[in-house]
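These numbers were taken from a predicted model, which means no experiment stands behind them.
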Amino acid sequence: MKEIKTRGSQKQVHALDKTADLASKMKQGLVRSKDQFQNLSDDGQVTADEYAQDKVKYWSEDAVHDVAHGSKETAKKTYDGGKKLVRQIKQKQRNADSIKQTAKSTGKQTFKTMERNIKTAKQSATKGVKTAEQASRTTIKTTKNAAKTAKQTAKAAQKTAKASAKAAKRSAQAAKKAAETAAKTAKAAVKATVAAIKAIAAGIKSLVAAIAAGGWVAVVIIIVIVMVALIVGSCFGIFYSSGDTDGLTMQGVIQEVNTEYQAKIDETKNSVSYDILEMRGSRARWQDVLAVYAVKTAADPDNAQEVATMDEGKRDLLKSVFWDMHEISKSTKTKTIKEYTETADESGNITTTETEVSKTVLYITVKHMTVVEMKSKYGFNIDQKAQLDELLSEDKAKLWSAVLYGSGNDDIVNVARSQLGNVGGQPYWSWYGFNGRVEWCACFVSWCANECGYIDAGVIPKFAGCGNGVQWFKDHGQWKDKTYTPNPGDIVFCDWDHKGHSGPQDGRADHTGIVEKTEDGMIYTIEGNIGDTCVEQKYPIAHYEVLGFGVFPGH
């Protein structure tokens, strides 16, 4: 900008110089004109006024011309120079603005870059400090841990030495106990398969002699006995488990599990306050539970055990299978229901009053897993699945009856006892043919009779209505009134009119169950559908709620 202004001033000076030259020339012209006038006036050619006028005229024209020409040239040059100067100034201004903008942008970007670099450097420094601190702490911690580990290792070595001594002692004790257990197991196996074990013990010794003597019949007998022993040692040994082994029986363990199951139901009932109880679901069939137990125990690829005998360890295994197959849950809900109250006025007229009241309903749900679900839960292989299916095939029904209920006159009592604690009655009313829940006390009695083969034998009827059962026993001459002292297995029928109060009954059966025993003037029974559950009950002989008994032929 300074350079541009200087150049403009120089041109202005140059124009002024030219004006000064023109003035000088005008002065010189005046001098010459004076000299010429002097000469002309000396010659007498012109007067002073004429000369002056002429000269002034011509000089003025020349001067005007020269001044005009010079001024025009000067003005033009000054204009052109000024115009050019303005263009240059504008261009320089644009260049300056561009430079300024570039500098501003570059400076701003440079500042941001520097700011980021500073920030990055600061973070790197902070991170480096933290890393160093962390490394320091880690080193200290590692050192402490190493020291602690060394100390623990020393203690562990000391403990290991002590444990090794104890383990050696325990091993000796375990070996002794194992020997005793093996002896007990062998003894139990002998009790379960007496004939088979005796034959095997003698068979190997005499096999060669028997063959040499042509005793092929003896060889065949030995082979059969060996086959029986193999069966007893497999999962099918469950069918030989009805005997007593060191005070434990299969039926006893089943009863123990049933008691625990009922205790859990009672615990669930007592855990909340409620007005109405509704039971849902049902317990699994015991033959399903035992079949799963037999396959899981006898066909275990890692720790197979025979199931023909029962001991404490196997009892625990059976309980574990049972509870793996069952789940008990609860929920509550408030319902509004209608209650009816009957009152009599002074004239004896009966008035019924309807009232809506809120009641708390307790729902207890028993969910059991199926055999198919248990195959998956326990990861049974193909062979185990096949054995389980074979155990539960229809042709094994009588074998299961012997395992579950034993044999003899008390078969139906054993069947009924095995069902104690069952809730909802679904196995009984669904077996009978109903698609939904019904009052199932008679279905329960019929189901137990069927398990023993009594219905097919024609000694107990299949009935769902208590009145129909009473009529059948009367028609077949197998009916006894309430004064009769019943035997185990007899069928008791109750008349519940005026329940809880002595008084006239209507003579019709409202309920039924199975007599478990009679003792000290009391009748003990097993009944279904008492609180929607299978339970034990008792009555004095000839109690007013007892209508009578259905008995076995010949009683």
Side-chain angles (χ1 to χ4, degrees), residues 251-290 292-293 315-337 339 357-374 377-378 404 414-431 434 436-445 447-448 496 499-500 511 513-514 516 524-538:
Q251 291 85 3
V253 173
I254 290 173
Q255 179 60 38
E256 187 177 332
V257 175
N258 286 338
T259 301
E260 291 179 3
Y261 173 82
Q262 182 58 43
K264 195 163 186 176
I265 294 291
D266 292 340
E267 180 183 351
T268 305
K269 291 179 183 178
N270 297 331
S271 63
V272 295
S273 298
Y274 63 92
D275 301 304
I276 302 171
L277 172 66
E278 290 192 18
M279 304 294 299
R280 297 173 175 177
S282 64
R283 196 183 64 191
R285 300 189 312 164
W286 260 111
Q287 53 262 52
D288 291 348
V289 176
L290 292 178
V292 173
Y293 156 77
R315 177 180 61 186
D316 293 340
L317 285 173
L318 177 55
K319 288 184 177 182
S320 175
V321 171
F322 178 88
W323 287 113
D324 281 347
M325 293 181 68
H326 292 86
E327 178 184 349
I328 299 174
S329 60
K330 68 180 180 183
S331 63
T332 58
K333 183 178 180 181
T334 301
K335 276 186 176 182
T336 300
I337 63 173
E339 287 188 347
V357 295
S358 294
K359 297 288 186 180
T360 300
V361 182
L362 170 62
Y363 299 95
I364 296 180
T365 303
V366 178
K367 181 181 178 182
H368 72 263
M369 296 185 72
T370 65
V371 170
V372 174
E373 290 171 328
M374 293 305 295
K377 181 178 179 65
Y378 285 155
L404 292 168
N414 292 327
V415 172
R417 190 179 289 122
S418 74
Q419 301 303 301
L420 286 171
N422 206 334
V423 177
Q426 190 272 341
Y428 320 120
W429 52 255
S430 62
W431 162 82
F434 294 107
R437 186 191 180 284
V438 298
E439 299 301 326
W440 48 274
C441 60
C443 294
F444 167 70
V445 170
W447 182 87
C448 291
W496 276 354
K499 184 173 177 60
H511 182 68
I514 298 169
E516 184 177 18
Y524 295 85
T525 64
I526 299 172
E527 303 172 13
N529 200 28
I530 299 295
D532 212 29
T533 308
C534 291
V535 300
E536 290 179 306
Q537 298 278 84
K538 62 181 180 179

Original post:
Closest heavy-atom contact between Phe444 and Gly528?
Top reply: CD2-N, 3.6 Å
Subject >> Stepwise side chain to side chain contact (heavy atoms under 4.5 Å, CB included) check, Thr334 with Val361 >> reply: CA-CA 6 Å; Thr334 301; Val361 182; over 6 Å; no
**OP:** Verify, without hydrogens or angle tests, whether Ser320 (side chain) and Leu318 (backbone) share a donor-acceptor contact under 3.5 angstrom.
**Re:** no
Original post:
For the residue pair Ser358 and Thr336, what are the closest heavy atoms and their distance?
Top reply: OG-OG1, 4.0 Å
**OP:** Please assess Ser273 against Thr360 for the test side chain to side chain contact (heavy atoms under 4.5 Å, CB included), listing each intermediate value before the final yes or no.
**Re:** CA-CA 8 Å; Ser273 298; Thr360 300; over 6 Å; no
Original post:
Are any of the side-chain heavy atoms of Val292 and Met374 separated by less than 4.5 Å?
Top reply: yes
**OP:** Hey, could you give me the NZ/CD1 distance between Lys335 and Ile276, rounded to the nearest 0.5 Å?
**Re:** 7.0 Å
Original post:
What's the spacing between Tyr363 OH and Thr365 OG1 if we round to 0.5 Å?
Top reply: 10.0 Å
Original post:
How would you list, by chain and number, every residue that makes a side chain to side chain donor-acceptor pair (under 3.5 Å) with Glu256, sequence neighbours excluded?
Top reply: Lys319
Original post:
Salt bridge or not for Asp532 and Arg437, using N-O below 4.0 Å?
Top reply: yes
**OP:** Could you go through the side chain to side chain contact (heavy atoms under 4.5 Å, CB included) check for Glu260 and Trp323 one step at a time?
**Re:** CA-CA 10 Å; Glu260 291 179 3; Trp323 287 113; 3.9 Å; yes
Original post:
So, do Phe434 and Trp440 have ring centers that fall under 6.0 Å from each other?
Top reply: no
Original post:
With a 3.5 Å cut-off and no angle check, do the side chains of Asn422 and Tyr428 form a donor-acceptor pair?
Top reply: yes
Subject >> 4.5 Å side-chain heavy-atom contact, Ile526 and Leu420 >> reply: yes
Original post:
Less than 4.5 Å apart, any side-chain heavy atom of Ile265 and any of Val423?
Top reply: yes
Subject >> Non-hydrogen atoms of Val438 and Cys443 that approach each other most closely >> reply: CG2-SG, 4.3 Å
Original post:
What's the spacing between Glu536 CD and Glu527 CD if we round to 0.5 Å?
Top reply: 10.5 Å
Original post:
Where do Val415 and Ser418 come nearest, in terms of heavy atoms and distance?
Top reply: O-OG, 2.6 Å
Subject >> Side chain to side chain, Tyr274 and Lys269, heavy atoms closer than 4.5 Å >> reply: yes
Original post:
Quick check: does any side chain N or O of Asn258 sit under 3.5 Å from a backbone N or O of Gly421, one acting as donor and the other as acceptor?
Top reply: no
Subject >> Between CD on residue Gln419 and CH2 on residue Trp286, distance to nearest 0.5 Å >> reply: 10.0 Å
**OP:** Can you sort out the partners of Glu373 under salt bridge (charged side-chain N to carboxylate O under 4.0 Å, His left out), two or more places apart, ordered by chain and number?
**Re:** none
**OP:** Measure the shortest side-chain to side-chain distance between Asp324 and Met369 over non-hydrogen atoms and say whether it is less than 4.5 angstrom.
**Re:** no
Original post:
After noting the C-alpha distance and the side-chain angles of Glu439 and Asn529, does the key distance pass the side-chain hydrogen bond (donor to acceptor under 3.5 Å, both in side chains) rule?
Top reply: CA-CA 7 Å; Glu439 299 301 326; Asn529 200 28; 2.6 Å; yes
Original post:
Just how far is it from atom NZ of Lys264 to atom CD1 of Ile364, taken to the nearest 0.5 Å?
Top reply: 12.0 Å
Original post:
With sequence neighbours excluded, what pairs up with Glu339 under the salt bridge (charged side-chain N to carboxylate O under 4.0 Å, His left out) test?
Top reply: Lys359
Original post:
Hey, mind stepping through Lys333 and Leu362 against side chain to side chain contact (heavy atoms under 4.5 Å, CB included) and telling me if it holds?
Top reply: CA-CA 7 Å; Lys333 183 178 180 181; Leu362 170 62; over 6 Å; no
Subject >> Which atom of Ile328 lies closest to which atom of Thr268, heavy atoms considered >> reply: CG2-OG1, 4.0 Å
Subject >> Donor-acceptor pair, side chain of His326 and main chain of Ala284, under 3.5 angstrom >> reply: yes
Original post:
Does Trp429 reach the main-chain N or O of Gly424 with its side chain, forming a donor-acceptor pair under 3.5 Å?
Top reply: yes
Original post:
With a 4.5 Å heavy-atom cut-off, do Tyr293 and Leu317 have their side chains touching?
Top reply: yes
Original post:
Side-chain donor-acceptor pair under 3.5 Å between Ser271 and Lys330, yes or no?
Top reply: yes
Original post:
Out of curiosity, Arg280 CZ to Ser329 OG, how far, rounded to the nearest 0.5 Å?
Top reply: 9.5 Å
Subject >> Side chain proximity check, Val321 to Val289, heavy atoms < 4.5 angstrom >> reply: yes
